[in-house]
Amino acid sequence: MVEQPAGFWIRFAANILDSIFIAIFFTFIFGYVIGIGDLSQILDFLYLIIVPVVWYGYTIGKRICGIRIVKMNGENVGIGTMLLRHLVGGIVYAITFGIAIIVSIIMVVVREDKRSVHDFIAGTYVTYNEP
């Protein structure tokens, strides 16, 4: 059962905040200061996979916005869930040349449970509920 689903704009704001954090921390530090740009992309991906697992579904952006990722049964996400959400979801978005991204946006806007394509793939949703 989906409880207190987070809608499009709050999810969008959390993604912007995460992008700012990633750009400042990983890209600047590893890309410009240390000079290892490729490492920055790997760390970006690991951030999106590992941080929600160890921090009860939060990333820094989601924590600031008061939302988090959970499994459909209300349990915390694991590595497998996050890999499905980001890796497999990303592959689906790439294979469809971005059309699935547009479908995801529409789904989050109009569906009552606010679940996107990658949420369905991973069996997750984004909620305001605290752990």
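Keep in mind that this is a model prediction, so the values were computed, not measured.
The minimum heavy-atom distance linking V117 with A100 is given by the pair CG2-O, 3.9 Å. Between A14 and I67 the shortest heavy-atom distance is CB-CD1, 4.0 Å. Taking every heavy atom of both residues into account, E3 and T127 meet most closely at O-OG1, 2.6 Å.
Side-chain contact, N129 with R68: no donor N or O sits under 3.5 Å from an acceptor N or O.
Formation of a donor-acceptor pair under 3.5 Å by the S116 side chain with backbone atoms of V108 is not found in this model. A donor-acceptor contact shorter than 3.5 Å is absent between the side chain of K114 and the backbone of V126. The backbone N or O of G61 lies less than 3.5 Å from a partner atom in the side chain of D18, making a donor-acceptor pair. Between the side chain of T81 and the main chain of V77, no donor-acceptor pair closer than 3.5 Å is present. A donor-acceptor pair is defined here as one N or O able to donate and one able to accept, closer than 3.5 Å; such a pair exists between the side chain of R115 and the backbone of T124.
Put simply, the side chain of F8 reaches to within 4.5 Å of the side chain of I105, judged on heavy atoms. A heavy-atom distance below 4.5 Å is not found between the side chains of E130 and Y56. Between K71 and N76 the shortest side-chain heavy-atom distance does not fall below 4.5 Å.
Under the salt bridge (Lys or Arg N to Asp or Glu O under 4.0 Å) criterion, R11 pairs with D119, sequence neighbours left out.
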Carefully, step by step, assess N15 and K62 under the rule side-chain contact (heavy atoms from CB on, under 4.5 Å).
CA-CA 8 Å; N15 283 331; K62 283 181 176 54; 4.0 Å; yes

Let's go through V70 and E75 carefully: what are the C-alpha distance in whole Å and the side-chain angles of both, what is the deciding distance for side-chain contact (heavy atoms from CB on, under 4.5 Å) to 0.1 Å, and is it a yes or a no?
CA-CA 6 Å; V70 294; E75 293 178 5; over 6 Å; no

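A single hydrophobic cluster is not seen to contain both I24 and F45; linkage of ILVMFWY side chains at heavy-atom distances under 4.5 Å, directly or through other members, places them apart. Transitive grouping of hydrophobic side chains (ILVMFWY, heavy atoms separated by less than 4.5 Å) keeps V92 and F97 in distinct clusters. When the side chains of ILVMFWY residues are joined at heavy-atom separations under 4.5 Å, either directly or via intervening members, L87 and L84 end up in two distinct hydrophobic clusters. Both I99 and V88 are part of a single hydrophobic cluster, where members link through side-chain heavy atoms under 4.5 Å apart. Placement of I20 and I60 in two distinct hydrophobic clusters is found when ILVMFWY residues are connected by side-chain heavy-atom separations under 4.5 Å, directly or transitively.
Classified by interplanar angle (parallel below 30°, tilted 30° to 60°, perpendicular above 60°), the ring pair W9/F12 is perpendicular.
Here the OG1-CD1 distance, from T59 to I64, works out to 8.5 Å after rounding to the nearest 0.5 Å. Summarising the geometry, atom CZ belonging to R85 is positioned 10.0 Å from atom CD1 belonging to I121; distances are rounded to the nearest 0.5 Å. Remark: I22 CD1 to Y47 OH distance equals 6.0 Å, nearest 0.5 Å. The OG1 atom of T96 sits 7.0 Å away from atom CD1 of I101, with the distance rounded to the nearest 0.5 Å. Of the inter-residue distances, the one linking L46 atom CG with I50 atom CD1 reads 4.5 Å to the nearest 0.5 angstrom. Distance check: I49 CD1 to L83 CG gives 4.5 Å after rounding to the nearest 0.5 Å.
Applying the ring pair (Phe, Tyr, Trp, His ring centres under 6.0 Å) test to residues at least two apart or on different chains, the pairs with a partner in residues 60-96 are Y93-H118.
More than 12 heavy-atom neighbours from other residues, nucleotides or ligands sit within 6.0 angstrom of OH on Y128.
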